[in-house]
Trainee: 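Let me give you the structure first, and then I'll get to my questions.
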Amino acid sequence: MKNLAKQQAQAEQKESFVVDYGSYILFRGKAYPITKRNGTHAGFDDEQFYMPPGLTAEQIKSTCVQLYKILAKSHIIQRVKFFTPQMGVTPAAVKINSAMRRWGSCSSRKSLNFSWRLIMADDSIVDYVVVHELAHIKEMNHSVRFWAIVDGILPDFRERKYKLKELQNRLSGEDWG
């Protein structure tokens with residue numbers, strides 16, 4: 001009954017989720033406003049997500065997703081490049097996808113995939129997911145050896161993993177499509 005009530009509350013929260021002018025959305029762990037800016041371009045200027053006037057809430061949400069994908073690609077690839085020499089691995093490719101149930105994955109061909117949603121997380125969480133997936137290049141499982149690799153780079157990975165779970169709980173009540 002407790003889980004059912006939680007699921008119902010999340011469903012109701014998702015249904016009422018709206019992204020519009022004046023809304024605040026997460027980027028790298030901080031909330032930024034969505035504002036109107038004259039012109040035809042949308043973007044992010046380190047202080048706000050700006051949109052042309054006259055967009056519907058759905059258009060604003062869709063535009064935010066497109067901006068998130070661009071920002072995620074840039075930032076996550078930068079973090080992968082930062083950690084690869086420390087870990088002594090090289091991914092075959094790094095891609096941003098729209099996965100809803102996974103923050104990241106590593107294929108048997110050493111290709112890394114990250115959900116664009118990860119860019120909502122603060123930098124410590126992004127780094128945790130990046131290191132986690134890079135560790136899979138050496139260990140394609142969650143064995144003691146795998147966690148030793150992660151621990152060698154991020155000794156506080158357990159706290160970061162917990163913060164990721166908190167973000168996951170928050171986003172479970174948001175409908176980003």
Trainee: Grab the two heavy atoms, one from Gly39 and one from Pro52, that are nearest each other, plus how far apart they are.
Mentor: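 Looking at all heavy atoms of both residues, the shortest contact is O-CB, 3.1 Å.
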
Trainee: Write down the atom of Ile149, the atom of Glu139, and the distance for their closest heavy-atom approach.
Mentor: CD1-CG, 3.8 Å

Trainee: Following the transitive rule for hydrophobic clusters with a side-chain heavy-atom cut-off under 4.5 Å over Ile, Leu, Val, Met, Phe, Trp and Tyr, establish whether Phe82 and Val126 coincide in one cluster.
Mentor: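 Yes, Phe82 connects to Val126 through the hydrophobic network.
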
Trainee: Is a salt bridge present between Arg160 and Asp122, judged by a nitrogen-to-oxygen distance below 4.0 Å?
Mentor: no

Trainee: Kindly compute the distance separating CG (Leu171) from CE (Met100), expressed to the nearest 0.5 Å.
Mentor: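 Those atoms lie 10.5 Å apart.
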
Trainee: Once you round to the nearest 0.5 Å, how far does NZ of Lys30 lie from CD1 of Ile25?
Mentor: 13.5 Å

Trainee: Return yes if some donor-acceptor pair links the side-chain N/O of Arg117 with the main-chain N/O of Trp103 below 3.5 Å, else return no.
Mentor: no

Trainee: Just do the side-chain contact (heavy atoms from CB on, under 4.5 Å) check on Trp176 and Lys61 with the steps written out, would you?
Mentor: CA-CA 7 Å; Trp176 284 97; Lys61 182 165 56 171; 3.9 Å; yes

Trainee: Around Phe17, counting heavy atoms of other residues, nucleotides and ligands shown, do more than 12 lie under 6.0 Å from its CZ?
Mentor: yes

Trainee: Let me confirm one number: the CZ-CG distance from Phe83 to Asp127, rounded to the nearest 0.5 Å.
Mentor: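 Rounded to the nearest 0.5 Å, the CZ-CG separation comes to 4.0 Å.
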
Trainee: Regarding Glu174 and Arg170, does a basic nitrogen lie under 4.0 Å from an acidic carboxylate oxygen?
Mentor: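 Here Glu174 pairs with Arg170 in a salt bridge, since their nearest N and O are under 4.0 Å apart.
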
Trainee: Let me confirm one number: the CE-SG distance from Met140 to Cys106, rounded to the nearest 0.5 Å.
Mentor: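 Met140 CE to Cys106 SG: 4.5 Å, rounded to 0.5 Å.
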
Trainee: Just verifying a value: how many Å separate Leu154 CG and Lys161 NZ, rounded to the nearest 0.5 Å?
Mentor: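 Nearest 0.5 Å value for the CG-NZ distance: 13.0 Å.
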
Trainee: Just checking Asn141: does its CG atom have more than 12 heavy atoms from other residues, nucleotides or ligands closer to it than 6.0 angstrom?
Mentor: yes

Trainee: Using modelled atom types only, decide if a donor and an acceptor are shared between the side chain of Lys138 and the backbone of Met87 within a distance under 3.5 Å.
Mentor: yes

Trainee: Which heavy-atom pair separates Val18 from Ser23 by the least distance, and what is that distance?
Mentor: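 Closest approach of Val18 to Ser23, heavy atoms only: O-OG, 3.7 Å.
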
Trainee: From Gln168 CD over to Arg101 CZ, what is the distance, rounded to the nearest 0.5 angstrom?
Mentor: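 If we round to the nearest 0.5 Å, Gln168:CD and Arg101:CZ are 10.0 Å apart.
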
Trainee: What do you reckon, are the aromatic ring centroids of Phe44 and Tyr32 less than 6.0 Å apart?
Mentor: yes

Trainee: Between Gln59 (side chain only) and Thr56 (backbone N and O only), is there a donor and an acceptor less than 3.5 Å apart?
Mentor: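 Side chain of Gln59 to backbone of Thr56, a donor-acceptor pair under 3.5 Å: yes, one is there.
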
Trainee: Quick check: Phe49 with Tyr68 (ring centres under 6.0 Å apart)?
Mentor: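 Ring centroids of Tyr68 and Phe49 are less than 6.0 Å from each other.
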
Trainee: Do side-chain atoms of Tyr21 reach the backbone of Gly54 as a donor and acceptor pair under 3.5 angstrom?
Mentor: yes

Trainee: Do you know which two heavy atoms are closest between Pro53 and Arg37, and how far apart they sit?
Mentor: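 Looking at all heavy atoms of both residues, the closest pair is CD-O, 3.4 Å.
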
Trainee: Which heavy-atom pair separates Val150 from His132 by the least distance, and what is that distance?
Mentor: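 Between these two residues, the closest heavy atoms are CG2-CA, 4.3 Å.
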
Trainee: Is it true that, when you exclude Glu58 itself, more than 12 heavy atoms of the residues, nucleotides or ligands shown sit nearer than 6.0 Å to its CD?
Mentor: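 No - once you tally the heavy atoms of other residues, nucleotides and ligands closer than 6.0 Å, there are 12 at most.
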
Trainee: Start with the C-alpha gap between Val131 and Gln86, add the side-chain angles, then the distance that decides, and say whether side-chain contact (heavy atoms from CB on, under 4.5 Å) holds.
Mentor: CA-CA 10 Å; Val131 168; Gln86 294 177 52; over 6 Å; no

Trainee: What is the minimum heavy-atom distance between Ala99 and Asn97, and which atoms define it?
Mentor: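 Looks like N-OD1, 3.0 Å.
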
Trainee: Is it true that Tyr50 and His41 have ring centroids separated by less than 6.0 Å?
Mentor: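 Between Tyr50 and His41, the centre distance exceeds or equals 6.0 Å.
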
Trainee: Could you label the plane-to-plane angle of the Trp147 and His142 rings as parallel, tilted or perpendicular, counting under 30° as parallel and over 60° as perpendicular?
Mentor: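 Ring orientation of Trp147 relative to His142: parallel.
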
Trainee: Check whether Lys110 reaches the backbone of Ala93 with its side chain - one donor and one acceptor, N or O, closer than 3.5 Å.
Mentor: no

